[in-house]
Amino acid sequence: MLIYLTILIHFKLKLPQNTDFSSCATMKTPLLPWLFLISLLRIICCLNISLVAAQCMSDQKMLLLQLRSSLKFDSTFSTKLVNWNKNTTHDCCYWPGVECDDSGHVIGLILDNEAITVDGFENSSSLFRLQYLERLNLAFNSFNSTTPFPVQIYNLTKLTYLNLSNAGYGGQIPNGISRLTRLVTLDLSVLYPIGPPLRLENPNLKQLLENSIQLRQLYLDGVDLSSTVPKFLPQINILKMSSCGLQKFLDLRNQSSLIHLDLSDNEIRGEIPNWIWNVGNGSLYHLNLSHNFLDGLEKTYTIPRSILVLDLHSNQLQGQLPIGVATALDATYLDYSNNFFNGSIPFDLGSYAPFASFLSLSNNSFTGEIPESICNTSYLQVLDLSNNKLNGILPSCLFSNFEYLAVLNLGKNQITGNILDLFPSNCALQTLDLGRNVLEGRIPSSLINCASLEVLNLGGNKIVDTFPCPLKNLSSLRVLVLRSNGFHGNLHCVNANNMWPNLQIIDIASNNFSGELSPKLLNWKGMTVDEDNATQSGGNIRFDYLRLNNFYYQDTVMLTVKGAEMELVKILKVFTSIDFSSNNFHGIIPNTIGALTSLYFLNLSHNALIGNIPKTIGNLKTIESLDLSANQLNGKIPAELAKLTFLSVLNLSFNRLSGVIPTGNQLNTFGPDSYLGNQELCGFPLSKSCKSPTSLGGGESAIQLGGAQLEIKWEYVTSALGFSVGLSMYLWMLLHNKRCKKISETKKQSSQEQNIIQSI
């Protein structure tokens with residue numbers, strides 16, 4: 001920190017109010033000169049100088065109030081304009097977003113992210129009457145994309161800083177902008193296009209780049225340059241032209257002051273010219289050529305030591321890893337991933353970049369062992385060698401030497417041996433991905449030292465162990481993948497009521513786990529977040545290792561849905577998944593499963609589960625995939641499943657389910673494959689009709705009346721029928737006896753009368 005402040009004092013600069021030192025405090029001392037140089041340059045690029053202002057002049061205040069009244073903005077999102085008020089006791093020079101000089105003239109308007117939606121500034125002439133304005137930032141607003149660039153901008157001839165990035169402007173840059181000859185920084189980037197692209201036609205571009213002789217920082221990300229390639233540039237310090245449709249390199253050989261060059265996300269093909277390494281006369285520190293179609297490096301080349309950031313990922317580069325220097329680089333960021341590099345990783349890789357904090361060689365075709373020299377890069381925070389053909393055992397120093405290593409990804413290789421039990425007491429790992437190798441042995445107990453661990457992937461190996469109860473106190477754990485190993489035993493952990501409260505993805509499929517599913521086990525709070533809280537938590541799982549420069553590592557995870565693998569490139573913190581499939585679990589599915597209200601995927605297939613499908617599954621309102629197939633579940637399919645309106649995958653096949661298949665909402669979209677192998681099921685979408693009153697397995701049947709489903713419980717019908725018949729016979733007998741008695745009395749009376757007559 002002292003070094004950083006000393007540098008700033010040396011340059012007589014004042015820190016921006018939003019400067020974040022939180023990530024700097026944990027940096028190692030030997031890295032400070034390099035990491036802080038990047039930060040320093042970033043601050044110089046986007047410096048927001050706080051000036052000691054005199055009292056705001058009345059005419060300036062009037063212009064600001066006129067500007068505010070002419071703009072349409074969302075006051076619920078605004079943090080600056082919403083606080084401009086003529087009745088406020090604060091001087092207008094102290095209004096948020098306003099900068100003044102010593103005389104009280106407004107020289108800066110920083111109005112980015114103000115949710116301004118007015119159709120340009122045609123009706124805001126007051127802005128262009130601020131004749132002393134030097135800095136104007138309108139980035140990340142929502143101007144009408146069909147509105148052309150405001151032609152009045154050329155009235156602001158004192159502008160040195162103009163930022164219109166992602167402001168929503170479309171059309172052409174006006175010719176008059178060439179009058180802004182004092183511009184030092186011009187940012188027209190379009191990172192999130194929502195309308196017609198901003199185009200730079202040759203005449204306007206040429207004019208802009210030729211009377212602007214002081215221009216040093218040019219940001220044109222997302223501006224369409226496919227038909228307009230600048231042939232002339234002033235001496236630029238920072239040049240960003242990503243996503244511009246460029247098909248070839250700009251000729252930058254005469255750029256003697258260039259320190260930052262970004263030509264990523266274009267369509268540049270062929271070799272990287274060897275002259276590019278000499279741009280800036282040895283001062284180039286940031287070079288990003290990622291996401292192009294580059295296939296090689298022109299010989300002979302020498303990567304200069306000045307390079308701090310070298311990003312060549314996602315091209316078609318092949319052959320040996322391009323080191324090309326006899327002495328070590330000072331680089332802190334090296335990304336060669338997603339190319340076609342092959343052969344062995346250079347044995348002296350660690351000596352090549354001893355100060356590297358980010359090193360990625362993933363998704364190439366490297367072979368051989370991981371060189372021991374990798375341990376020389378002891379300042380690494382991110383090491384990704386995944387998806388190659390590396391073999392051999394893990395170097396022991398990988399675990400014991402890295403005090404600050406936060407991401408270690410060696411997945412999808414052919415690495416053998418055991419995971420060494422050498423995780424240090426001050427382990428800083430957040431991501432450990434060793435999945436899809438040939439590792440054996442057990443999960444090392446020292447992994448509990450990694451108190452910040454969020455992602456643990458050991459899937460697809462030959463590990464033989466029990467459920468990792470010793471890691472139950474890793475409260476930060478979010479993703480646990482153990483699938484396709486030799487894990488065995490039950491999932492019961494002693495004193496584990498609050499185990500893994502942030503867990504959101506667990507995949508233990510294709511092992512030999514057994515026992516019952518404990519209701520306590522399924523009490524993961526990370527899967528019970530309600531919709532409102534889930535929205536607020538937001539974001540995705542990633543490692544921000546240098547926040548001040550927006551560098552981060554994005555975690556990914558492989559999931560299996562409907563028998564097919566899918567890669568989750570961004571693990572959202574609201575995404576949850578449980579996969580216990582292909583094990584030996586028995587017993588019932590606990591009703592507590594319904595408490596996991598934010599669950600997206602649930603797979604309990606290919607086990608020996610019995611009993612009914614819990615009705616509480618109807619509470620899983622966000623679930624998209626439900627697979628309970630190949631078990632021994634019985635009873636009816638609960639009608640509550642019709643409440644699952646996001647359900648897109650349903651598999652209940654090969655169980656012992658019976659009765660009528662419920663209908664409604666998403667259930668009407670599934671075919672018969674979802675219910676195969678349940679002999680006692682009937683109704684849509686199966687061909688077996690439920691109209692017959694034939695008794696089914698549970699003594700129940702159903703009929704359809706006008707689209708309504710009626711269930712008939714035949715045991716009750718039989719009882720009622722028997723009662724009715726018995727009652728009828730009893731009443732008949734009573735009636736019959738009464739009639740017989742009456743006939744008998746009649747006959748007796750008749751006989752008496754006959755005897756009297758005869759006696760007479």
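It should be emphasised that the depicted structure is a prediction, and the values quoted were computed from it without experimental measurement. Keep in mind that the numbers below use all heavy atoms, side chains included, and drop hydrogens, waters and symmetry copies.
In this structure, Phe575 and Phe601 have perpendicular ring planes: the angle between them is above 60°, well past the 30° mark. Relative ring orientation between Phe467 and Phe513 is described as perpendicular, the plane-to-plane angle rising above 60° on a 0-90° scale split at 30° and 60°. Taking the six-membered ring for Trp and thresholds of 30 and 60 degrees, Phe341 and Tyr336 have ring planes more than 60 degrees apart, a perpendicular arrangement. Using a 30° and 60° split on the angle between ring planes, Phe399 and Phe423 fall in the perpendicular class, above 60°.
Within 6.0 Å of atom CG in Asn512, more than 12 heavy atoms from other residues, nucleotides or ligands are found, so the atom counts as buried in its surroundings. The environment of Asn495 atom CG is sparse: at most 12 non-hydrogen atoms of other residues, nucleotides or ligands sit within 6.0 angstrom.
Using a 4.5 Å heavy-atom threshold, the side chains of Asn678 and Leu633 count as separate. Residues Val455 and Val407 have side chains not in contact (no heavy-atom distance under 4.5 Å, counting atoms from C-beta outward). At a threshold of 4.5 Å between non-hydrogen side-chain atoms, the residues Ile661 and Leu686 count as touching. At a threshold of 4.5 Å between non-hydrogen side-chain atoms, the residues Asp433 and Leu408 do not count as touching. Between Leu398 and Ile374 there is a side-chain heavy-atom pair separated by less than 4.5 Å. Contact of the Leu410 side chain with the Ile370 side chain is registered, since non-hydrogen atoms from C-beta on lie closer than 4.5 Å. A 4.5 Å side-chain heavy-atom check between Leu480 and Asp507 finds every atom pair outside the cut-off. Using a 4.5 Å cut-off on side-chain heavy atoms (C-beta onward), Leu439 and Leu394 make contact.
Between the side chain of Asn364 and the backbone N or O of Phe366 there is no donor-acceptor pair closer than 3.5 Å. Without hydrogens or angle criteria, Asp465 side chain to Phe487 main chain gives no donor-acceptor distance under 3.5 Å. Side-chain atoms of Asp627 come within 3.5 Å of backbone N or O of Ser629 as a donor-acceptor pair. Between the Asn413 side chain and the Asn437 main chain, no donor and acceptor come within less than 3.5 Å of each other. In this structure, the side chain of Gln666 engages the main chain of Leu647 through a donor-acceptor pair within 3.5 Å. Using a distance-only test at 3.5 Å, with no hydrogens or angles considered, no donor-acceptor pair links the side chain of Asn607 to the main chain of Asn631. Counting only distance, with no hydrogens or angles, the side chain of Thr616 and the backbone of Asn591 share a donor-acceptor pair below 3.5 Å. Side-chain atoms of Thr377 do not come within 3.5 Å of backbone N or O of Gly350 as any donor-acceptor pair. Using a distance-only test at 3.5 Å, with no hydrogens or angles considered, a donor-acceptor pair links the side chain of Asn490 to the main chain of His492.
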Show your working on side-chain contact (heavy atoms from CB on, under 4.5 Å) between Leu681 and Val660 and close with a plain yes or no.
-> CA-CA 6 Å; Leu681 279 180; Val660 181; over 6 Å; no
Verdict with reasoning, Ile589 to Ile613, per side-chain contact (heavy atoms from CB on, under 4.5 Å) = CA-CA 7 Å; Ile589 302 174; Ile613 299 175; 5.6 Å; no
Passes side-chain contact (heavy atoms from CB on, under 4.5 Å), Ile588 versus Leu609? Steps please.
-> CA-CA 6 Å; Ile588 65 171; Leu609 299 173; over 6 Å; no
After noting the C-alpha distance and the side-chain angles of Ser514 and Asn583, does the key distance pass the side-chain contact (heavy atoms from CB on, under 4.5 Å) rule?
-> CA-CA 7 Å; Ser514 58; Asn583 280 287; over 6 Å; no
Please lay out, stage by stage, how Ser674 and Asn651 fare under the test side-chain hydrogen bond (donor to acceptor under 3.5 Å, both in side chains).
-> CA-CA 4 Å; Ser674 296; Asn651 193 350; 5.9 Å; no
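Residues His313 and Asp311 bring a donor and an acceptor atom of their side chains to less than 3.5 Å of each other. For the residue pair Asn363 and Ser337, no side-chain donor N or O sits within less than 3.5 Å of a side-chain acceptor on the partner.
Here the two rings, on Tyr379 and Tyr404, have centers that are 6.0 Å apart or farther. Taking the six-membered ring for Trp and the full ring otherwise, Tyr675 and Phe670 have centroids separated by 6.0 Å or more.
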